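On a predicted model such as this, the values are computed, not experimentally measured, just so you know.
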Amino acid sequence: MQPNERLLRHPGLTPLWKSAEREHRAQQLTAVGLVTVGLLVAVLALRYSIWLPFAGALAATLGAFWLLRLLGRQPAAALQRDLRDHPERIVWVYGMVTERMPFGLNLMRSGVLYLYEDDGTVHDFSLRAEHLLLVTKTLNRLLPRAEFGYSEDRERKYRGELTPQHRNRWPLSGKK
């Protein structure tokens, strides 16, 4: 078994796989809801208007098309395959924790993990804040070439906004 294969089975990445599957299920349920609402509008609005059934049928058709596309995808398996076969494509990984504190009471903490690929594609995964550090540390072992942590310079670099004036941000004093 390859070292990457062993790390992919590490329990520290389980929240990442669950997040990908949860997002996929939410999209599927949204597509089913769109089909259902579209069909209900198409059937129930027949006697009131000629345009509402058309709009409902269009919504149901688009929802069915979206659902068919989603049924053929397995995002967690695709992410595992990409991390196993092409780990060098991930160039930057960082996590952000959001705390909601109305009136100074810490009511909710949530985390988002961002993975940037070398072609500019960004993947984001919603994780519990407690799991974010564990997933990031495990990915750090899995992706040795990737940069970890957020900084404004990295954001400019990976968004393609790094200009010559940003590269020479801290010129050496006394040299011209």
If you measure from CG on Leu71 to CH2 on Trp66, what distance do you get to the nearest 0.5 Å?
-> 11.5 Å
Below 4.5 Å, heavy atoms only, C-beta onward: do Phe125 and Glu23 meet side chain to side chain?
-> no
So do the side chains of Gln28 and His24 get within less than 4.5 Å of each other, counting heavy atoms only?
-> yes
Same apolar cluster: Leu113 and Val97, side chain cutoff 4.5 Å = yes
Is it true that atom CZ of Phe65 has more than 12 heavy atoms of other residues, nucleotides or ligands lying nearer than 6.0 Å?
-> no
More than 12 heavy atoms of other groups within 6.0 Å of Glu88 CD | yes
Tightest non-hydrogen contact, residues Ala42 and Ala57, listed as CB-N, 3.9 Å
Do the side chains of Tyr94 and Val91 join up, straight or via other hydrophobic residues, at under 4.5 Å, putting them in one cluster?
-> yes
In Å, rounded to the nearest 0.5 Å, how long is the span from CD of Glu147 to CD1 of Ile90?
-> 13.0 Å
Taking atom OG of Ser126 and atom NE2 of His131, what is their separation to the nearest 0.5 Å?
-> 12.0 Å
If you take all heavy atoms of Ala59 and Gly38, which pair is closest and at what distance?
-> CB-CA, 4.2 Å
Regarding His123 and Glu117, is there a side-chain donor-to-acceptor distance under 3.5 Å anywhere?
-> yes
Check: Asp119/Thr121 side-chain N/O donor and acceptor closer than 3.5 Å | yes
For Ser110, the option from Arg100, Met96, Glu99 that meets side-chain contact (heavy atoms from CB on, under 4.5 Å) = Arg100
State the OH-CH2 distance between Tyr116 and Trp92, to the nearest 0.5 angstrom.
-> 5.0 Å
If you group Ile, Leu, Val, Met, Phe, Trp and Tyr by side-chain heavy-atom gaps below 4.5 Å, do Leu44 and Leu39 land in one group?
-> no
Anything under 30° is parallel, anything over 60° is perpendicular, the rest tilted; go ahead and classify Trp51 against Phe54.
-> perpendicular
Taking every non-hydrogen atom, the tightest pair across Arg154 and Gly149 = NH1-O, 2.9 Å
Ala45 versus Leu52, closest heavy-atom pair with distance = CB-CB, 3.6 Å
Closest non-hydrogen atoms of Arg73 and Gln27, given as atom of the first, atom of the second and distance, are NH1-OE1, 3.8 Å
Does one hydrophobic cluster hold both Trp17 and Leu142, with members joined at side-chain heavy-atom distances below 4.5 Å?
-> yes
How many angstroms lie between CG in Leu16 and CG in Leu83, if you round to the nearest 0.5 Å?
-> 7.5 Å
With rounding to the nearest 0.5 Å, note down the distance linking CG in Leu34 to CG in Leu29.
-> 12.5 Å
Looking only at non-hydrogen atoms, find the nearest pair between Pro75 and Glu21 and report the distance.
-> CD-OE2, 4.2 Å
Of Leu132, Leu139, Thr138, the residue whose pairing with Val135 passes side-chain contact (heavy atoms from CB on, under 4.5 Å) | Leu139
Any donor-acceptor N/O pair, Thr30 side chain to Ala26 backbone, under 3.5 Å | yes
In the single-linkage hydrophobic clustering (I, L, V, M, F, W, Y; side-chain heavy atoms under 4.5 Å), do Phe148 and Leu79 co-cluster?
-> yes
Is it the case that more than 12 heavy atoms not belonging to Ile50 sit under 6.0 Å from its CD1 atom?
-> no
